[in-house]
> 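Could you have a look at this structure, given as structure tokens, before my questions?
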Amino acid sequence: MNETKYVGIDLHSASSSVCVMDGQGEVLMRCVLATSAASLQAVCRGLPGPVQVVVEEGTLAAWAREVLAPVVREVVICNPRVNHLLRVGNKTDQGDAEKLATLLRLQAIKRVYKVEVHLQELQELVRAYEMLVQDVTRCKNRLKALYRGRGISAAGRAIYQSKQRAGYLLLITESGRRRRAEWLYEELDALQALRKQAKREMLQASGKCPEQRWLLSIPGIGPVRAAQLLASLGTAERFRTKRQLWSYSGLAVRVRTSSEYELRQGELKRKTRNVQTLGLTHEFNHRLKAVFKGAAEEARRRAPFQAYYESLVAKGMRVEMARLTLARKLATIVWKLWRTGTEFRAAEIKSVAP
């Protein structure tokens, strides 16, 4: 009775399907209940012995972990893209819950990392800032499209400036179109004010993290990129090697091999043919890739990374590959310094291989 119980939960906004399984794979209980903290906790509290729960990553995953963590031994959030068992047979909520419990019992779950509680505020502020940056860009694009649609030149940033707006509005003869432009200007002003506020609060939150100090010591990484790294990585202990960080950041190369060995004179020998490459990894953290690529673009123009970048190009490396190599170098330095808790030194460029 005290053996571990494996609970698979297929979460939905209104209801959730639950399957409880023992260590031998026998289903002990199936039920459908309302998606609420009280109902989920009640089911888990009623199970004897240690309880492990698995849910798929989604909008409710972080909430489910916070709700169930106090009443169970472990809450596992898994990557739904690699749960191939869920694609076998009929697709039902109860079936998905049972398959999740089976995968958890077999330890065949690909876990998804969630940042610690003390970083959740920073993570939300970073998301809010990035969302407002996108909204400002979208509003500006709409303004430019409005002017270009009437053959009015809208190059540069002049149409966004407060002193230039009245003159540009006079160029629009249609009253409806002019009124729409006025509303877009009002929206732009409100979004820009919110973006500044979000940036200020985001930087205040990231300033409370001791890791920010040495992140800012790395050329190419400023306060905004440091906040994004803190919110995305959480801890460097997640990655056993630098290559794992490369893959997570979309900077690693995917390879495909098959039948790697052959029999030569009675002995197994590795084949000498080249490994087939399939480009960069296509499942990655988009924020981290943007941060490292942006940092590399800035660092390649500044010492001490400028000499390193130029040496790669001088050796015949293509420009895009040199930028990728520099982005990997920066990711490796971040990974190493985060684990050691030391600030950046120019010697790190040579001591850390990309």
Side-chain angles (χ1 to χ4, degrees), residues 113-127 129-130 133 196 198-252 284-314 317 321-354:
Y113 174 79
K114 291 291 185 181
V115 298
E116 302 301 326
V117 176
H118 70 280
L119 288 174
Q120 289 181 359
E121 178 187 4
L122 175 60
Q123 189 177 62
E124 292 299 329
L125 292 174
V126 169
R127 287 173 178 169
Y129 171 74
E130 293 173 342
V133 169
K196 291 179 181 178
K199 182 178 180 180
R200 182 170 58 253
E201 295 187 19
M202 176 186 69
L203 297 183
Q204 289 175 353
S206 65
K208 300 176 184 177
C209 302
E211 296 87 355
Q212 187 202 47
R213 176 175 54 85
W214 53 260
L215 276 176
L216 294 177
S217 69
I218 304 174
I221 297 180
V224 173
R225 290 194 178 112
Q228 291 174 315
L229 286 171
L230 288 167
S232 300
L233 295 178
T235 173
E237 301 301 325
R238 297 172 52 190
F239 306 101
R240 184 173 53 85
T241 66
K242 63 185 180 182
R243 295 184 181 276
Q244 291 179 342
L245 177 57
W246 292 358
S247 180
Y248 185 67
S249 305
L251 303 176
F284 56 89
N285 186 303
H286 293 265
R287 177 192 294 156
L288 281 180
K289 187 169 187 177
V291 167
F292 286 128
K293 288 181 67 176
E297 186 65 23
E298 183 176 344
R300 73 185 181 92
R301 299 184 177 92
R302 297 168 50 187
F305 287 103
Q306 184 176 11
Y308 172 77
Y309 172 80
E310 291 176 352
S311 68
L312 295 177
V313 177
M317 184 178 291
M321 286 302 301
R323 291 176 182 174
L324 174 63
T325 303
L326 181 54
R328 288 176 177 171
K329 171 75 76 172
L330 286 168
T332 303
I333 291 174
V334 166
W335 174 77
K336 180 181 178 182
L337 298 187
W338 201 319
R339 293 171 67 93
T340 59
T342 57
E343 294 189 9
F344 172 78
R345 301 185 305 273
E348 295 290 341
I349 298 179
K350 296 181 179 180
S351 64
V352 177

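Reckoned from all heavy atoms, side chains included, excluding hydrogens, waters and symmetry mates. In this text the structure is predicted, and so the values were computed from the model without any measurement.
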> Can you list everything that forms a salt bridge (Lys or Arg N to Asp or Glu O under 4.0 Å) with E201? Sequence neighbours excluded, please.
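Applying salt bridge (Lys or Arg N to Asp or Glu O under 4.0 Å) to E201 gives none.
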
> Within the 4.5 Å heavy-atom criterion, are Y129 and M202 side-chain neighbours or not?
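The answer is yes, as the side chains (C-beta and beyond) meet within the 4.5 Å cut-off.
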
> Could you pull out all residues at least two apart from F284 that satisfy ring-ring contact (aromatic ring centres under 6.0 Å, His included)?
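Listed in chain order: H286.
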
> Looking at every non-hydrogen atom in both residues, tell me the closest pair between L125 and A205 and how far apart they are.
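That closest heavy-atom pairing would be CD1-CB, 3.7 Å.
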
> Return the set of residues passing side chain to side chain contact (heavy atoms under 4.5 Å, CB included) with M321 (not counting sequence neighbours), or none when no residue passes.
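Per chain and number, M321 pairs via side chain to side chain contact (heavy atoms under 4.5 Å, CB included) with M317, R318, L324.
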
> Using 0.5 Å steps for rounding, measure from the CZ atom of F239 to the CG atom of L245.
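The distance works out to 5.0 Å.
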
> Where is the tightest heavy-atom contact between L229 and W338, given as atom of each residue plus distance?
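Minimum heavy-atom separation between L229 and W338: O-CH2, 3.9 Å.
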
> Does T241 have any side chain to side chain donor-acceptor pair (under 3.5 Å) partners at least two apart in sequence or in another chain, and if so, which?
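By the side chain to side chain donor-acceptor pair (under 3.5 Å) rule, T241 matches no residue at all.
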
> Give a yes or no on whether E121 atom CD has more than 12 heavy-atom contacts from other residues, nucleotides or ligands under 6.0 Å away.
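Counting neighbours around CD of E121, 12 or fewer heavy atoms of other residues, nucleotides or ligands fall under 6.0 Å, so no.
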
> Can you name the closest pair of heavy atoms from I221 and A226 and give their distance?
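Of all heavy-atom pairs spanning I221 and A226, the closest is CG2-N, 3.9 Å.
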
> R339: which residues meet the side chain to side chain donor-acceptor pair (under 3.5 Å) condition with it, sequence neighbours left out?
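Scan of R339 (side chain to side chain donor-acceptor pair (under 3.5 Å), adjacent residues dropped) gives none.
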
> Which is it for Y309 and R323 under the side-chain contact (heavy atoms from CB on, under 4.5 Å) test, yes or no, and what are the steps along the way?
CA-CA 8 Å; Y309 172 80; R323 291 176 182 174; 3.9 Å; yes

> Is T325 close to K329 at the side-chain level, that is, under 4.5 Å between some pair of heavy atoms?
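Counting from C-beta outward, K329 and T325 never come under 4.5 Å.
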
> On a heavy-atom basis, which atom in V126 and which in A227 lie closest, and how many Å separate them?
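Of all heavy-atom pairs spanning V126 and A227, the closest is CG2-O, 3.8 Å.
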
> Pair E130, R127 - check salt bridge (charged side-chain N to carboxylate O under 4.0 Å, His left out), show working.
CA-CA 5 Å; E130 293 173 342; R127 287 173 178 169; over 6 Å; no

> For L326 and F292: C-alpha separation, side-chain torsions, deciding distance, then whether side-chain contact (heavy atoms from CB on, under 4.5 Å) applies.
CA-CA 9 Å; L326 181 54; F292 286 128; over 6 Å; no

> Run the side-chain donor-acceptor check on residues 230-238: report pairs under 3.5 Å with partners two or more places apart or on a different chain.
unit_1 : atom_1 : unit_2 : atom_2 : d
S232   : OG     : Q228   : O      : 2.9
S232   : OG     : R287   : NH1    : 2.9
T235   : OG1    : E237   : N      : 3.2
R238   : NH1    : S232   : O      : 3.0
R238   : NH1    : L233   : O      : 3.0
R238   : NH2    : Y248   : OH     : 3.4

> Please name all residues satisfying salt bridge (Lys or Arg N to Asp or Glu O under 4.0 Å) with E298, sequence neighbours left out, ordered by chain then number.
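E298: salt bridge (Lys or Arg N to Asp or Glu O under 4.0 Å) contacts with R225, R302.
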
> Quick check: closest heavy atoms across P304 and P219, and the distance to 0.1 Å?
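What the structure gives for the nearest pair is CD-CG, 3.9 Å.
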
> Taking only residues two or more places apart in sequence, or in another chain, which ones meet K293 in a salt bridge (Lys or Arg N to Asp or Glu O under 4.0 Å)?
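Here no residue qualifies.
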
> Side chain to side chain donor-acceptor pair (under 3.5 Å) with R301: which residues, sequence neighbours excluded?
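For R301 the side chain to side chain donor-acceptor pair (under 3.5 Å) partners, ignoring immediate neighbours, are E297.
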
> Pair R300, F305 - check side-chain contact (heavy atoms from CB on, under 4.5 Å), show working.
CA-CA 5 Å; R300 73 185 181 92; F305 287 103; 5.9 Å; no

> Testing the basics here: between K242 and T332, what is the closest heavy-atom pair and its distance to 0.1 Å?
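Answer, listing the atom of K242 first, then T332: CD-CG2, 3.7 Å.
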
> With sequence neighbours excluded, tell me which residues meet side chain to side chain donor-acceptor pair (under 3.5 Å) with E310.
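Residues passing side chain to side chain donor-acceptor pair (under 3.5 Å) with E310: Q306.
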
> Indicate yes or no for a side-chain donor-acceptor contact from S247 to the backbone of R243 under 3.5 Å, with no hydrogens or angles considered.
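The answer is no, because no donor-acceptor pair under 3.5 Å joins these two groups.
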
> Tabulate below the donor-acceptor pairs under 3.5 Å that side-chain atoms of residues 208-218 make, not counting sequence neighbours, or state none.
unit_1 : atom_1 : unit_2 : atom_2 : d
Q212   : NE2    : S206   : OG     : 3.2
R213   : NH1    : E343   : OE2    : 2.5
S217   : OG     : W214   : O      : 2.5
S217   : OG     : F344   : N      : 2.9

